[in-house]
Engineer: 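Sharing a structure below in structure tokens format, with a few things to ask.
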Amino acid sequence: MLQRLAVLLRRPAAAPLAAAAVRCVSTGSMHITAPLNFWAGKRRTGEGKSNMENVYEPATGRVLCNLETCGAADVDQAVKAAMSAFGHWSKMSGMERGRVMIEAAHIIEKRREEIAEMEVVNNGKCITEARLDVDSARLCTEYYAGLASTLAGQHIQLPGGSFAYTRREPLGVCVGIGAWNYPFQIAAWKSAPALACGNSMVFKPSPVTPVTAVLLAEIYAQAGAPEGLFNVVQGSQETGSLLCHHPDVAKVSFTGSVQTGKKIMEMASKGVKPVTLELGGKSPLLIFQDSDLENAVRGALMANFLSQGQVCSNGTRVFVQKEILPEFVDEVVKRTQAIKIGDPLLESTRMGALVSRPHLDKVLAFVEQAKKEGATVLCGGEAFVPSDPKLKANCTDDMTCVKEEIFGPVMSVLSFETEEEVLLRANDSTMGLAAGIFTRDVRRAHRVVEHLKAGSCFINNYNITPVEVPFGGFKMSGIGRENGQVTIEYYSQLKTVFVEMGDVDSLF
Ligand SMILES: NC(=O)c1ccc[n+]([C@@H]2O[C@H](COP(=O)([O-])OP(=O)(O)OC[C@H]3O[C@@H](n4cnc5c(N)ncnc54)[C@H](O)[C@@H]3O)[C@@H](O)[C@H]2O)c1
Ligand SMILES: C[N+](C)(C)CCCC=O
């Protein structure tokens, strides 16, 4: 089944305001002219000023700002600034670093509304979700601020009074490259663990959503971080590639598509640099007949329609046990039709605009393809027109919409009969970011989860990502983890020190 596709395409509103960067209170009123690059403590103009790309407001199609992309000289300056900050920051104690980060978290909290509004205007998601994204960024900063002072090595006793110890050391200048679906949150999820470990960072946001990462840079600076600790360079793949190849960069943490992730890994391999890859998914959600149906329906909606369906971990293959399929589908259709689609800045809106016209066309093409392959659209299925909800159903595992990541508000519903069968079908994907199961049978829940090939599994819920819990993928969905204690491992390295207390026992 294919669900409602929501998109808002509005006519341009009034003329843009002339001021540098203007906070908006209504859709279509913001125009940004302040530079969006930031290094060595200041906003900077990129050398690609002559070759600027338009950045659009998804909800209106208006030009929000122009992107000044960074070339080799800019990237070099940002990396130099980060190296200089690293010298100072890496020598500070964890407690001192944590203090700066806690202050940054407080500032994020104070500026919550402003950041959330900017995110809405640039990304198209609704304000309620954008606030939660800002909260997640703040919580992540707080969490790693707390962990900073706990980083430590081990002492290992050896024969004859000799011993060894390990030091947990930072890597150096880390690069973060972000996707457009969670722009501010991704910048925080990458920078907070990196900085807690004593690294500095150069971050490149997606050229589609460049406006909020620079706010995070200002916040760290205001919180007392040394100049150059967190830098932002804008641009597309050329800028990203310059960062990955830069000889002074120690690590690359990337969030984006599988296709780009492979290129990042290849570029990083030239310098034998470690990578964290947070890539795409085509995750399964398994709903057994003994589920609490109300919660299963809620879970399926949360698994598919957050951020207009543009979520890496979405459970887009919804397998429903045959006995409850009609009941489940009726309820899901009813609630999907009731989703309030509209101006993303309105409090009542629950679904805003897809990120761009080309992306909308891509999502609609998946729906057309699905229809050709025999799927029935139960509701939606076309660009959203308020009075025109569409319906239809019937997906099979071999359909393109069931195999490929659509990254839009499109839920495919499939029916299954047995646990063994659904496990085989659920795992039949090259990706393995997330998976979910709804059942009242606690033994089945854990048995099924043990066999699911996915990095994040949800039992009787979906798409929650507390920052204390590791997040990341199996198979082609990625390498490494974000959040949780384990992420410290991905932003630090161990130095082992042997200490001899006796004489050298030489064979020569
Ligand atoms: N696993 C996760 O945590 C997670 C989170 C969010 C999004 N995603 C995935 O991201 C994808 C959508 O985001 P997108 O369209 O922005 O992805 P994308 O791969 O097109 O771009 C991601 C970033 O990589 C940069 N980039 C592109 N080519 C590059 C190159 N050759 N060298 C260096 N940088 C390059 C882009 O400019 C952008 O900043 C989806 O597949 C989604 O599942 C994954
Ligand atoms: C917070 N969410 C909704 C789980 C999103 C995680 C990041 C993936 O795109």
Side-chain angles (χ1 to χ4, degrees), residues 53 67 69-70 75 123 125 129-130 132-137 139-140 175-190 203-210 213 232-246 249 252-268 275-283 302-316 355-356 358-359 362 404-408 431-434 436 454-456 458 461-467 469-483:
E53 290 169 28
L67 191 71
T69 59
C70 286
V75 165
N123 169 278
K125 66 175 70 190
E129 278 197 52
L132 297 176
D133 296 355
V134 177
D135 292 345
S136 173
L139 290 166
C140 186
V175 156
I177 298 180
W180 46 256
N181 61 340
Y182 284 85
F184 190 77
Q185 182 185 285
I186 289 174
W189 280 19
K190 294 196 184 304
F203 184 81
K204 190 194 84 59
S206 163
V208 181
T209 51
V232 177
V233 293
Q234 303 287 352
S236 307
Q237 60 183 63
E238 297 76 22
T239 313
S241 160
L242 286 164
L243 287 168
C244 294
H245 284 127
H246 199 291
V249 164
V252 182
S253 175
F254 171 78
T255 296
S257 62
V258 174
Q259 195 189 6
T260 311
K262 289 181 190 173
K263 291 185 195 157
I264 299 283
M265 205 171 170
E266 204 177 318
M267 289 187 278
V275 289
T276 294
L277 299 177
E278 293 290 347
L279 309 180
K282 190 72 198 176
S283 302
M302 287 297 284
N304 279 274
F305 298 142
L306 281 176
S307 207
Q308 296 76 245
Q310 303 162 135
V311 182
C312 51
S313 49
N314 270 0
T316 48
V355 78
S356 67
H359 189 61
K362 191 176 143 202
E404 291 180 25
E405 186 183 40
I406 300 176
F407 225 53
M431 293 183 273
L433 188 55
S456 291
F458 302 93
N461 206 335
Y462 205 93
N463 259 345
I464 48 167
T465 43
V467 296
V469 179
F471 178 80
F474 281 14
K475 299 196 268 186
M476 286 173 92
S477 289
I479 294 177
R481 292 291 176 268
E482 290 193 317
N483 296 337

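Counting starts at 1 for both ligands and their atoms, in listed order.
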Engineer: Excluding sequence neighbours, so at least two apart, what forms ring-ring contact (aromatic ring centres under 6.0 Å, His included) with Phe203?
Structural biologist: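 Testing Phe203 for ring-ring contact (aromatic ring centres under 6.0 Å, His included), a comparison that skips the adjacent residues, returns none.
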Engineer: Quick one: does Gly473 get a heavy atom under 4.0 Å from ligand 1?
Structural biologist: no
Engineer: Under a heavy-atom criterion of less than 4.0 Å, does Glu482 contact ligand 1?
Structural biologist: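 No.
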Engineer: Just let me know how Asp133 lines up against ligand 2, side chain, backbone, both or neither, with a heavy-atom cut-off below 4.0 Å.
Structural biologist: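 Neither part.
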Engineer: Nearest to atom 43 (O) of ligand 1, what protein heavy atom do you find, and at what distance?
Structural biologist: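 Result for atom 43 (O) of ligand 1: Glu405 OE2, 2.6 Å.
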Engineer: Could you check atom 14 (P) of ligand 1 against the protein and tell me its nearest heavy-atom contact, residue, atom and distance included?
Structural biologist: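 Scanning the protein heavy atoms, the shortest distance from atom 14 (P) of ligand 1 goes to Trp180 NE1, 3.5 Å.
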Engineer: Can you report which non-hydrogen protein atom sits closest to atom 3 (C) of ligand 2, along with the distance?
Structural biologist: Tyr182 OH, 3.1 Å
Engineer: Distance to 0.1 Å, residue and atom name: give those for the protein heavy atom nearest to atom 8 (C) of ligand 2.
Structural biologist: Cys312 SG, 2.4 Å
Engineer: Starting from atom 25 (C) of ligand 1, find the nearest protein heavy-atom neighbour and note its residue, name and distance.
Structural biologist: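 Checked against all protein heavy atoms, atom 25 (C) of ligand 1 sits closest to Ile177 CG2, 3.8 Å.
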Engineer: Could you find the nearest protein heavy atom to atom 30 (C) of ligand 1 and give me its residue, atom name and distance?
Structural biologist: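 That would be Gln237 CB, 3.5 Å.
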Engineer: So is Gly261 close enough to ligand 1, meaning a heavy atom under 4.0 angstrom away?
Structural biologist: no
Engineer: Please compare Thr465, Asn483, Val467, Leu132 and report which has the shortest non-hydrogen distance to atom 2 (N) of ligand 2.
Structural biologist: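 Residue with the shortest heavy-atom distance to the ligand atom: Thr465.
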Engineer: Quick one: look up the protein heavy atom nearest atom 27 (C) of ligand 1 and list residue, atom name and how far away it is.
Structural biologist: Thr260 CG2, 3.4 Å
Engineer: Would you please determine whether Gly478 falls within less than 4.0 Å of ligand 1 on a heavy-atom basis?
Structural biologist: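 Distance cut 4.0 Å: Gly478 fails for ligand 1.
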Engineer: Run the contact test for Tyr182 against ligand 1 with a 4.0 Å cut-off on heavy atoms, strictly below, and give the result.
Structural biologist: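 Contact check Tyr182 vs ligand 1: negative.
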Engineer: For Phe471, take its heavy atoms, then give the atoms of ligand 1 lying under 4.0 Å from any of them.
Structural biologist: 3 (O)
Engineer: Any donor-acceptor pair under 3.5 Å linking the side chain of Gln308 with the backbone of Gly408?
Structural biologist: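 Pair absent, no side-chain N/O of Gln308 close to backbone of Gly408.
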Engineer: Give a yes/no verdict on whether any heavy atom in Gly178 is under 4.0 Å from an atom of ligand 1.
Structural biologist: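 Under 4.0 Å: yes for Gly178.
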